[in-house]
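Every chain is numbered from 1, with letters handed out A, B, ... down the list of sequences. Since the structure is predicted, the reported quantities are computational estimates derived from the model, not experimental observations.
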Amino acid sequence: MFEVRKKSPVSNARTGLLHTYHGIISTPVFMPVGTAGTVKGVLQRDLKQEIDARIILGNTYHLYLRPGTDVLSCSGGIHKFMNWDRPILTDSGGYQVFSLSENRKLSEEGAHFRSHIDGSAHTFTPESVVDIQRIIGADIIMAFDECTPYPCDYDYAKESMDLTHRWLDRAVKRFENTEDLYGFRQFLFPIVQGSVYDDLRKQSAEYIAAAGMPGNAIGGLSVGEPTEIIYAMIDIVNSILPEDKPRYLMGVGTPVNILEAIDLGIDMFDCVIPTRNGRNGMIYTSEGIINIKNKKWSKDFSPIDEKGPSHVSHYYSKAYLRHLIISGELLGAQIASIHNLAFYLWLLDEARRHIEEGDFNNWKNQMIVALANRI
RNA sequence: GGGGAGAUACCAAAGUGGCCAACUGGGGCAGACUGUAAAUCUGCUGUCGAAUGACUUCGUAGGUUCGAAUCCUGCUCUCCCCA
């Protein structure tokens, strides 16, 4: 499924190719988040033409609640349903176990939760989450885990990690005893947990690596802990996860986070920042971060990002985008989302290019200065 | 011409003797957001100050009172009804 193409001589950064039925993905890759079968505010056409997203995310929890497995099954799977013929990865709902924690209870069997939509009671088990993801039909599916909060005491983190491991065994078994439903092979990725504890992360990485899945994910990071800890955990885990398989850092992050994580050997990323923060007025440019709602842009009629990677980046002015976002106009959210996603994809394109050319670290260090800049 | 209602901060609008520098909403300004319960949430919004605080405000000019956005009198303006 995965081949490493080029490794940085001075760090763990590498490029690779990820083969799926719906296409080959160059890594490192950023995957726009499309929780409910849509990258919020962005047409599939723009995802392809403007942003050139190679793979996007969906979410098991959200799709299961709405439209539900019946509709998804009848539609012929998520690709047909949303008319997206490139790869898709679905998250298992493990993050919702964390973010909707007030509405759920965990047991050995699984997670018992109430729908945030209508309050109805449901249970996710490692098995049912595989079944649902068979029906959704993404190319890459995730094992059901518990994403621990931060802070999280050691005993809880260990118990939770062990539970995630037991759930993984059950998920793998179910996965191996069931078939794909739409005529192409799906891949199951397990998830490393262990909170912020070195020894737990190490144990978890060993356990996950031993499962022998075609790719591995790191979860439970970027939930409020300092960034230094994120990097430290990635470093520990990546020293154990096999090099010949893709490593997916779930939910991360800022452009700077991503460059640092690439340096530590991560291949896949997803994050809501470009879309959500974009909707809320934060615009990423090669010059730095803009809060487009700030008054100082009200009469700045220069392009959103002169060197920006998408059509919208130079077609619309800062002043116009500010007006749209401040007015709550839908077009503002749309432009900001397209621009930010295109920026993220551009950043990853550049990262790949510089890894291939062998000067990733110099480039990265320059970029980090510019990217952290607030203008 | 007669009768009635009202004037509160950028806007709208509460408050009708001390707990009022003044509820609340909007607007404005700033911040947050990391496997999306988020087109969301938080803070500030009379002046000066980092802050304790000081100073100036509720159409306007006076008055009553220990104390007034609130009570009284004159004035100015606005709106409604009848002729």
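- Per the geometry, CD1 belonging to A/I262 stands 20 Å off P belonging to B/U34, to the nearest Å.
- The partner of B/A32, taking Watson-Crick or G-U wobble pairs whose two distances both stay under 3.5 Å, is B/U40.
- OP1 or OP2 of B/A38 has not a single side-chain nitrogen or oxygen of A/R279 nearer than 4.0 Å.
- Relative to the side chain of A/N257, the nucleotides B/A39, B/U34, B/A37 differ in distance, and B/U34 lies closest.
- Among the protein residues, A/G34 comes within range of no part of the nucleic acid, since none of its heavy atoms lies under 4.0 Å from any strand.
- A donor N or O paired with an acceptor N or O is found under 3.5 Å between the base of B/U36 and the side-chain atoms of A/T275.
- A donor-acceptor contact closer than 3.5 angstrom links the side chains of A/E3 and A/H19.
- In this structure, A/R104 reaches neither bases nor backbone, as no heavy-atom distance under 4.0 Å exists between it and the strands shown.
- Residue contacts for A/S115: at a heavy-atom cut-off of 4.0 Å it reaches no nucleic acid atom on any strand shown.
- Going from atom CD1 of A/I326 over to atom P of B/A39 covers 18 Å, rounded to whole Å.
- B/G62 and B/C72 make up a base pair, with Watson-Crick or G-U wobble contacts both under 3.5 Å.
- Heavy-atom nearest nucleotides on RNA chain B were determined for A/N103 and for A/T254, and the one closer to the 5' end corresponds to A/T254.
- Distance from the side chain of A/Q193 is smallest for B/G35 among the nucleotides B/U34, B/U36, B/G35.
- For B/U56, there is no paired nucleotide, since no Watson-Crick or G-U wobble pair has both relevant distances below 3.5 Å.
- If you check every strand for non-hydrogen atoms under 4.0 Å, A/E329 touches nothing.
- Residue A/E225 is classed as having no contact, given no heavy-atom separation below 4.0 Å to the nucleic acid.
- Within 4.0 Å (heavy atoms only), A/N280 reaches at least one base atom of the nucleic acid.
- At a cut-off of 3.5 angstrom, the base of B/G35 holds no donor-acceptor pair with the side chain of A/N59.
- If you take atom C1' in B/A54 and the same atom in B/A61, they sit 27 Å apart, rounded to whole Å.
- Within 4.0 Å (heavy atoms only), A/I191 reaches at least one base atom of the nucleic acid.
- Using a 4.0 Å heavy-atom cutoff across all strands shown, A/N291 reaches sugar-phosphate atoms only and no base atom.
- Phosphate contact (OP1/OP2 of B/U34, side-chain N/O of A/S222, threshold under 4.0 Å): absent.
- Across the C1' atoms, B/U16 and B/C23 are found 14 Å apart, a figure rounded to whole Å.
- Contact between the side-chain N/O atoms of A/Q96 and the OP1/OP2 oxygens of B/G35 is not found at any separation under 4.0 Å.
- When the options A/Y344, A/F343, A/Y284 are evaluated for a side-chain contact (heavy atoms from CB on, under 4.5 Å) with A/P274, the one that passes is A/Y344.
- Taking the six-membered ring for Trp and the full ring otherwise, the centers of A/F184 and A/H79 sit less than 6.0 Å from each other.
- Relative ring orientation between A/Y64 and A/F113 is described as perpendicular, the plane-to-plane angle rising above 60° on a 0-90° scale split at 30° and 60°.
- The phosphate of B/U36 has neither OP1 nor OP2 within less than 4.0 Å of any side-chain N or O from A/K40.
- A/R66 comes within 4.0 angstrom of no nucleic acid atom, judged by non-hydrogen atoms across all strands.
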Is there a side-chain hydrogen bond (donor to acceptor under 3.5 Å, both in side chains) between A/E329 and A/H323? Walk through the geometry before answering.
CA-CA 8 Å; A/E329 286 292 338; A/H323 160 68; over 6 Å; no
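- Comment: A/R14 engages A/D267 in a salt bridge, judged by a side-chain N to carboxylate O separation of less than 4.0 angstrom.
- The side chain of A/R374 contributes an N or O atom lying less than 4.0 Å from OP1 or OP2 of B/A32.
- Among the protein residues, A/N294 comes within range of the sugar-phosphate backbone only, with heavy atoms under 4.0 Å from sugar or phosphate atoms but none that close to a base.
- Side-chain proximity of A/H62 to the nucleotides B/U36, B/A32, B/C33 is greatest for B/U36.
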